[in-house]
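The first residue in the sequence is number 1, and the count goes up from there.
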Amino acid sequence: MTTYTYDHIHLRSVSPMETAKYFETMFGVKIIESVQSDGQPRIDLDVNGLTIFIAAADENVPTGPVDPHLGLDHFGFKVDDIEQAAAELKEKGAEFDLEPMQLRPDIKIAFVRAPGDVRIELVQRM
């Protein structure tokens, strides 16, 4: 049987470097300028071993659907202290769709809205 493991998340942006800089500012990612297999430039982000690709999308590419919707809705970053993470992100100007909240006795969550209407969940598992 085939074993599947994580490889990457691929985002599209009308301004890939601007989006990359947001991730760098908010989450401390490492920005790596790269080239796709078709020869087009791409920005790769290293989030402590998690890879995110950001490729250019021209102005004809439609914006994302209204929340909630079918398909990829968001991705999550695990944190040790969600209140501390939220405070640090707010200090940097992050926009929250959902402030930190206790979802269940063993989990707290929050949602940040990144450029391009990318939703990022912060998860604290206890």
Side-chain angles (χ1 to χ4, degrees):
M1 178 169 208
T2 302
T3 300
Y4 297 92
T5 59
Y6 170 82
D7 188 73
H8 70 275
I9 296 167
H10 199 146
L11 305 176
R12 298 251 177 225
S13 172
V14 293
S15 180
M17 186 54 81
E18 181 180 323
T19 301
K21 292 283 188 190
Y22 176 89
F23 278 85
E24 180 183 50
T25 299
M26 295 299 163
F27 305 110
V29 306
K30 180 180 179 185
I31 296 175
I32 304 161
E33 295 192 46
S34 183
V35 177
Q36 299 183 135
S37 57
D38 64 2
Q40 296 299 310
R42 183 182 74 209
I43 305 295
D44 297 356
L45 305 178
D46 178 352
V47 188
N48 298 312
L50 175 111
T51 304
I52 300 175
F53 299 150
I54 306 174
D58 66 38
E59 61 276 353
N60 296 321
V61 175
T63 59
V66 176
D67 295 324
H69 60 275
L70 295 174
L72 180 63
D73 182 70
H74 67 274
F75 61 90
F77 286 149
K78 185 177 177 181
V79 298
D80 293 329
D81 184 332
I82 200 163
E83 279 80 13
Q84 178 183 342
E88 291 169 358
L89 290 169
K90 285 178 185 177
E91 228 175 74
K92 297 173 186 176
E95 174 188 338
F96 277 75
D97 280 349
L98 178 68
E99 294 290 331
M101 65 164 283
Q102 191 84 38
L103 185 62
R104 297 188 308 262
D106 62 339
I107 190 168
K108 291 181 181 180
I109 66 168
F111 279 91
V112 175
R113 174 115 13 214
D117 284 333
V118 173
R119 290 180 355 123
I120 302 164
E121 183 177 10
L122 304 178
V123 181
Q124 178 184 340
R125 299 186 187 278
M126 294 164 292

Notebook entry, point to check: Can you tell me how far CZ of Arg119 sits from CD of Glu95, rounded to the nearest 0.5 angstrom?
Noted result: 11.5 Å

Item checked: Interatomic distance, Asp44 atom CG to Gln36 atom CD [nearest 0.5 angstrom] -> 9.0 Å

Notebook entry, point to check: What are the two closest heavy atoms between Tyr22 and Arg113, and how far apart are they?
Noted result: OH-O, 3.5 Å

Check: If Ile, Leu, Val, Met, Phe, Trp and Tyr residues are connected whenever their side-chain heavy atoms lie under 4.5 Å apart, and connections chain through other members, are Val79 and Ile9 in the same group?
Finding: yes

Notebook entry, point to check: Does Tyr6 share a hydrophobic cluster with Val123, counting links as ILVMFWY side-chain heavy atoms below 4.5 Å and allowing steps through other members?
Noted result: no

Next item on the list: Work out which heavy atom in Asp38 is nearest to a heavy atom in Gln40; give both atom names and the distance.
Entry: OD1-N, 2.9 Å

Item checked: Considering all heavy atoms, the nearest Glu33-Ile43 contact -> CG-CD1, 4.0 Å

Item checked: Any side-chain heavy-atom pair of Ile120 and Phe27 under 4.5 Å -> yes

Margin query: In the structure I gave you, are the side-chain heavy atoms of Phe96 and Leu122 within less than 4.5 Å of one another anywhere?
Written below: yes

Next item on the list: Check Ala55 against His10 and note the closest heavy-atom contact, atom names and distance.
Entry: CB-NE2, 3.4 Å

Notebook entry, point to check: Are Arg12 and Val61 side-chain neighbours, meaning at least one heavy-atom pair lies under 4.5 Å?
Noted result: no

Notebook entry, point to check: From His74 NE2 over to Leu98 CG, what is the distance, rounded to the nearest 0.5 angstrom?
Noted result: 10.5 Å

Checklist line | Heavy-atom closest contact (Ala110 atom, Ile82 atom, distance) | finding: N-CD1, 3.6 Å

Item checked: Side chain to side chain, Pro100 and Lys108, heavy atoms closer than 4.5 Å -> no

Margin query: Do Phe77 and Met101 sit in one hydrophobic cluster, given that two such residues count as connected whenever their side-chain heavy atoms are within less than 4.5 Å of each other, even indirectly?
Written below: no

Margin query: With a 6.0 Å cut-off (strictly less than), is the heavy-atom count around CG of Asp80, excluding the residue itself, greater than 12?
Written below: no

Check: Should we say atom NZ of Lys92 is surrounded by more than 12 heavy atoms from elsewhere, each under 6.0 Å from it?
Finding: yes

Notebook entry, point to check: What residues, two or more places apart in sequence or in another chain, satisfy side chain to side chain contact (heavy atoms under 4.5 Å, CB included) together with Glu18?
Noted result: Ser15

Notebook entry, point to check: So do Leu45 and Ile31 actually touch side chain to side chain, heavy atoms under 4.5 Å?
Noted result: yes

Note to self: Measuring from atom CE of Met126 to atom CG of Asp106, what distance do you get when rounded to the nearest 0.5 angstrom?
What the structure shows: 6.5 Å

Note to self: With a sphere of 6.0 Å drawn around NZ of Lys90, does it hold more than 12 non-hydrogen atoms of other residues, nucleotides or ligands?
What the structure shows: yes

Item checked: Partner of Val118 under side chain to side chain contact (heavy atoms under 4.5 Å, CB included), chosen from Val112, Ile54, Thr19, Leu11 -> Leu11

Item checked: Taking every non-hydrogen atom, the tightest pair across Val29 and Ala20 -> CG2-O, 4.4 Å

Item checked: Note, Leu50 side chain near Ile52 side chain (heavy atom, < 4.5 Å) -> yes

Next item on the list: Side-chain contact test, heavy atoms from C-beta onward, threshold under 4.5 Å: evaluate it for Gln84 versus Gln124 and give yes or no.
Entry: no

